[in-house]
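Chain identifiers are assigned alphabetically (A, B, ...) following the order of the sequence lines, protein sequences preceding nucleic acid strands; residue numbering begins at 1 within each chain.
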Number of protein chains: 2
Amino acid sequence: MTTAAPAGSRALPHPARTEIRLESVLHALSDPVRLRVVRELAADGGELPCSHFDLPVTKSTTTHHFRVLRESGVVRQVYRGTAKMNGLRRDDLDALFPGLLDSVLAAARRQADAG
Amino acid sequence: MTTAAPAGSRALPHPARTEIRLESVLHALSDPVRLRVVRELAADGGELPCSHFDLPVTKSTTTHHFRVLRESGVVRQVYRGTAKMNGLRRDDLDALFPGLLDSVLAAARRQADAG
DNA sequence: GCCGTTGTTTGACAGTCGACGTACTACGGT
DNA sequence: ACCGTAGTACGTCGACTGTCAAACAACGGC
């Protein structure tokens with residue numbers, strides 16, 4: 001009754017680089033909570049656990065948002081002990097859509113500053 | 001009986017430049033039909049009537065999509081006789097979010113070519 | 001072995017979205 | 001005055017979204 005994934009390294013499905021769709025990425029980034037997560041990940045540059053983010057939503061909603069980000073190809077998630085680490089898929093996104101992520105991040109920063 | 005707008009020039013509400021929200025723009029661009037419209041508008045550079053677009057949806061759905069694009073600040077719409085002309089708000093978008101529109105368009109082109 | 005921390009799952013719920021058809025309005029020509 | 005073309009408004013429908021609470025699972029340490 002292992003669910004299909006071997007215990008000890010719960011598997012997380014990610015789209016391959018070629019499967020990443022622009023529409024899905026834009027949709028993932030169009031939510032304020034998710035955009036904020038992406039900004040923090042970009043600012044950090046490395047990997048951050050879900051628990052690092054102090055989001056104005058419950059745990060289950062947080063799980064949901066991270067799943068949308070992962071399934072759209074925006075973040076990569078891996079388990080490290082009990083924590084789930086999140087990293088931006090900068091390499092893949094920059095290869096597929098050069099400049100897109102940077103201009104979205106710049107736009108978000110600008111809008112936040114003007115706020 | 002006039003609905004509030006003087007006859008002869010039906011008014012269409014547009015967000016002012018400062019009211020345009022990044023999240024709304026990304027959401028507007030995350031739909032395949034709308035992204036396609038935006039690409040055609042960008043390729044043309046000028047104004048095109050709704051009837052120019054041969055979209056795989058009905059007229060009423062087309063109206064809906066153009067409204068989303070207008071209300072998010074992506075396109076500007078004006079009536080010209082019985083036609084409703086649509087133009088990209090390049091000036092406003094470029095001023096608010098430099099490079100964003102271009103990288104989205106480049107990404108869309110790239111994805112379409114690879115498709 | 002037990003507990004706390006971390007995250008998942010499930011089910012519910014209200015709201016939005018994209019799509020449709022039908023009925024309607026607005027304008028330009030004939 | 002009439003018709004045709006262009007687009008709108010309204011109501012509906014099913015699917016998806018964002019949110020929550022409550023119960024559960026996995027791992028690390030004590």
Side-chain angles (χ1 to χ4, degrees), chain A residues 1-13 21 23-37 47-72 74-87, chain B residues 1-14 21 23-38 47-72 74-87:
Chain A
M1 58 307 308
T2 48
T3 52
S9 81
R10 293 167 275 175
L12 291 166
R21 304 283 309 163
E23 292 87 340
S24 304
V25 170
L26 294 177
H27 174 249
L29 297 176
S30 73
D31 180 277
V33 172
R34 293 192 292 258
L35 185 54
R36 171 169 157 183
V37 166
E47 294 191 324
L48 293 172
C50 292
S51 59
H52 167 270
F53 301 89
D54 187 27
L55 302 174
V57 294
T58 62
K59 280 190 304 176
S60 44
T61 303
T62 300
T63 297
H64 161 68
H65 283 306
F66 274 103
R67 182 154 50 92
V68 172
L69 286 172
R70 170 170 48 81
E71 292 182 345
S72 65
V74 176
V75 308
R76 191 178 282 114
Q77 296 187 296
V78 308
Y79 282 104
R80 191 109 73 218
T82 149
K84 193 194 215 167
M85 305 301 292
N86 302 275
Chain B
M1 245 342 91
T2 48
T3 53
S9 81
R10 292 168 277 176
L12 291 166
H14 288 76
R21 303 283 310 163
E23 292 87 339
S24 304
V25 170
L26 293 177
H27 174 248
L29 297 176
S30 73
D31 179 277
V33 172
R34 293 192 293 257
L35 184 54
R36 170 168 157 183
V37 167
V38 169
E47 295 191 323
L48 293 172
C50 292
S51 58
H52 167 270
F53 301 87
D54 187 27
L55 302 174
V57 295
T58 61
K59 278 193 304 175
S60 46
T61 303
T62 300
T63 297
H64 161 68
H65 283 306
F66 274 104
R67 182 152 49 91
V68 172
L69 286 172
R70 170 170 48 80
E71 292 181 346
S72 65
V74 176
V75 308
R76 192 177 283 115
Q77 297 188 298
V78 308
Y79 283 104
R80 192 108 74 217
T82 149
K84 193 193 214 169
M85 305 302 290
N86 301 275

Rounded to whole Å, the CG-C1' distance (A/L55 to D/dC20) equals 15 Å

Tabulated below should be each protein N or O lying under 3.5 Å from an N or O of nucleotides 23-25 of chain C; please produce it.
none

Of A/T63, A/L69, A/T61, the one forming a side chain to side chain contact (heavy atoms under 4.5 Å, CB included) with A/H65 is A/T61

_A/T62 vs A/F53, side chain to side chain contact (heavy atoms under 4.5 Å, CB included): CA-CA, chis, key distance, verdict_ = CA-CA 9 Å; A/T62 300; A/F53 301 89; over 6 Å; no

Between CZ of B/R80 and C1' of C/dA26 the distance, given in whole Å, is 17 Å

Separation of D/dG18 atom C1' from A/L69 atom CG, nearest Å, is 14 Å

A/Y79 OH to D/dG28 C1', in whole Å, measures 16 Å

Between CD of A/Q77 and C1' of C/dT6 the distance, given in whole Å, is 13 Å

With B for base contact, S for sugar-phosphate-only contact and - for none (protein heavy atoms under 4.0 Å), nucleotides 12-21 of chain C reads -----SSBBB

Here the distance between atom P of C/dT5 and atom NE2 of A/H52, to the nearest Å, is 19 Å

Rounded to whole Å, CG of B/L48 lies from C1' of D/dG7 at a distance of 16 Å

Review point. A/S51 side chain N/O closer than 4.0 Å to the phosphate oxygens (OP1, OP2) of C/dG7?
Key: yes

